[in-house]
Each structure stands twice: as structure tokens, then as C-alpha cells.
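Worksheet: the structure to be examined is printed underneath.
We count ligands from 1, going down the list as the structure has it; atoms in each ligand are counted the same way.
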Amino acid sequence: MNIGRAASRLLSTMYRDSGTNLASLSPAQIKTWLDSFDTVLTDCDGVIWVDNEPLSHATDVINKFIDNGKKLFFVTNNSTKTRPEFVTKAVNLGFNVGVDNIISTAYLAAQYLKAKKFNKKVYVIGTTGITRELEAVGIEHIGVGPDNLQGTLVDAVHGFSPDPEVGAVIVGFDEHFSFVKMMKAATYLNDPEVIFIGTNTDERFPLPDRVIPGTGSIVNAVTTCTERPPTVMGKPNKYICDILEQQYKVNPERTLMIGDRCNTDILLGKNCGFQTLLVETGIHKAEDVAKFAQSDDPETRKLVPDVYSGMLGDLLPYL
Ligand SMILES: [Mg+2]
């Protein structure tokens with residue numbers, strides 16, 4: 001289905017360089033906008049839930065999208081859960097979704113290797129979220145779980161016999177990340193034939209009085225030691241679009257990306273040619289959008305969403 005000319009004209013006048021506040025649109029404009037996409041991608045944390053609490057009316061909006069026949073995908077950079085584990089959480093919170101509605105970085109990493117007809121072993125810095133997705137596509141793996149220095153550093157280095165079957169290294173979130181794991185990953189990656197995948201590059205999880213290092217911190221540590229860049233699966237990298245177009249026949253022009261973070265969610269939308277909606281229930285707010293819009297740097301201006309609104313539930317009256 002092509003976007004109608006009238007709708008296309010409306011959208012081009014609606015979208016301002018500084019982003020359009022949903023509240024500034026008439027109900028008719030909002031309806032036309034909602035009709036201009038048939039695929040909805042949404043980030044999870046900060047958009048539909050925060051930790052284990054669904055955000056106000058987010059379940060109603062998501063379930064309405066599905067009832068109205070939109071293709072819907074939760075797109076998450078979290079690599080610690082498999083897709084079935086995400087479904088369990090989502091269903092418990094009232095979302096009518098199944099495995100095919102979830103795109104996670106662990107799933108993307110497994111699909112990436114499957115598409116390459118990869119038939120060796122993967123050294124994994126990560127959790128069972130990654131290894132179970134690898135098992136689902138029949139790929140062997142080693143490395144998951146604690147692996148700390150036993151004895152001296154010299155013992156650890158000389159006691160390590162690299163597995164000649166390893167043909168890829170995946171780095172995701174790993175609370176057991178250690179010097180020994182970094183040494184092993186970098187040793188495998190010293191062979192330029194070995195594939196290097198990072199699940200995502202989120203720097204950290206901010207809490208009010210603590211900082212939890214995010215996957216990006218671990219990926220960057222390995223990258224520094226390896227001296228070559230990984231292929232990154234997560235937002236804002238374009239790899240997700242390839243999977244969506246090839247496996248799910250998604251048309252980027254008729255796709256809306258919803259997120260709470262401009263440098264991952266909104267930038268993914270821009271990188272893939274999707275329409276974008278920022279909701280202010282997570283990281284970035286209207287003030288940030290205004291700042292991005294005023295920047296002289298075109299890369300920063302890419303962080304401006306097409307539309308922004310206080311919360312996802314604001315769409316409910318129009319669905
Ligand atoms: Mg988020």
C-alpha cells in the first residue's frame with residue numbers, strides 16, 4: 001500500500017524541523033497520521049513499561065494497534081532475555097503479543113550468523129539470553145558463566161588453549177565480564193576471519209544513586225583490546241531494517257518507530273527511513289528535542305523526532 005498523496009502532503013507540512021507536538025494537531029490530522037503507517041516498532045523500557053510496571057494506557061494502545069491490523073514489533077537492545085522470555089513478561093503485563101512480535105539483539109545476532117550459514121562455534125561474552133537464541137538456530141557456543149583469574153595472570157594466559165572451532169565472538173551484557181574473558185575474546189578476534197558481533201552499545205543504566213555499566217562499556221573494552229570494530233546488532237544500527245524488510249516484508253515508509261531515547265530509538269528510525277515518535281516517559285523530553293533542533297551539527301539534528309508526545313497512552317482516543 002502506498003502512502004496516499006493527501007496524507008503524504010499532510011505529513012510533509014505536519015513534520016517541522018523542530019519536531020511536531022502531537023497536542024498541536026487536530027484529531028483529523030492525528031487520524032491521517034495514524035493511517036499513514038501499517039507497521040509499528042516500539043522500544044519497551046520507558047515507552048510501554050518501566051521495569052515491571054506498564055505505563056498508563058500503553059497496553060491499550062499496543063493491543064489496539066494489533067486489533068487494527070498493524071504489524072507490531074517490540075524492538076529491544078536488551079540481550080539478557082530470549083524472545084520467549086520477553087513474551088512471558090509482556091503477556092503477564094497484558095500485551096497481546098507472541099514470539100514473532102519481538103526483535104531483540106540476541107535474536108538478531110543469531111539470525112545474522114544463520115544468514116551467513118555460519119557452522120563453527122561462538123565464544124560468548126553474555127548470558128543465556130544469547131546462548132538460547134544460538135541454540136534455537138543450531139549454533140554451538142562456549143564461554144557463558146563466571147570465568148575469573150585463577151592463580152597468576154601468567155598462568156591464565158599460558159593455561160588458555162584457544163578452541164580452533166571458534167569462528168565468531170558475540171559480546172553482550174555479562175555481569176561476569178572479566179579480564180580473562182577479555183583476553184580470550186581478543187585472542188580469538190586476533191584472527192581477522194573471526195566474526196566480531198556486539199549486541200548493542202548502550203553505555204549505562206542510570207539509577208538515582210548508582211551507575212550500572214551497560215553493554216556498550218563491555219563492547220568498548222573488548223573493541224579497544226581487539227583493535228577492530230564489531231558489527232553492532234542493536235539500535236540505532238541499520239541491521240534491524242534488513243531483517244524486517246527481508247523476513248517480515250516491512251515497508252520502511254509505512255513504518256513508525258516509537259521510543260523514549262533519541263540517540264538509539266529515534267536515530268534507528270532516521271537511519272531506516274521510518275517515521276518517528278518520541279514519548280516523554282523515559283530518557284529524552286521536549287526540551288532535549290528543542291536543543292537537538294537548534295544544533296548546527298546535522299548529525300545532532302537527526303535526533304529530532306517527527307512527532308513527540310507526553311506518553312504513548314495519548315494516542316488511545318484516536319485508535
Ligand atoms: Mg527505552
Point to revise | Short side-chain to backbone donor-acceptor contact, N251 and E253, under 3.5 Å | key: yes
Check your understanding: Within 45 degrees of the axis of the six-membered ring of F37 and under 6.0 Å from its centre: does R254 put its NZ or CZ there?
Key -> no
Review point. Side chains of K181 and D174: closer than 4.5 Å at any heavy-atom pair?
Key: yes
Practice item. Please name the residue in the list L315, L319, T59 that meets the side chain to side chain contact (heavy atoms under 4.5 Å, CB included) test with K64. Key: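 Of all the options given, the one that passes is L319.
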Point to revise | Check against side chain to side chain donor-acceptor pair (under 3.5 Å), D202 and T215 | key: CA-CA 6 Å; D202 299 55; T215 307; over 6 Å; no
Review point. Where is the tightest heavy-atom contact between V166 and K120, given as atom of each residue plus distance?
Key: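 V166 and K120 have their closest heavy atoms at O-NZ, 4.2 Å.
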Review point. Any idea how many protein N, O or S atoms are nearer than 2.8 Å to the Mg ion (ligand 1)?
Key: 3
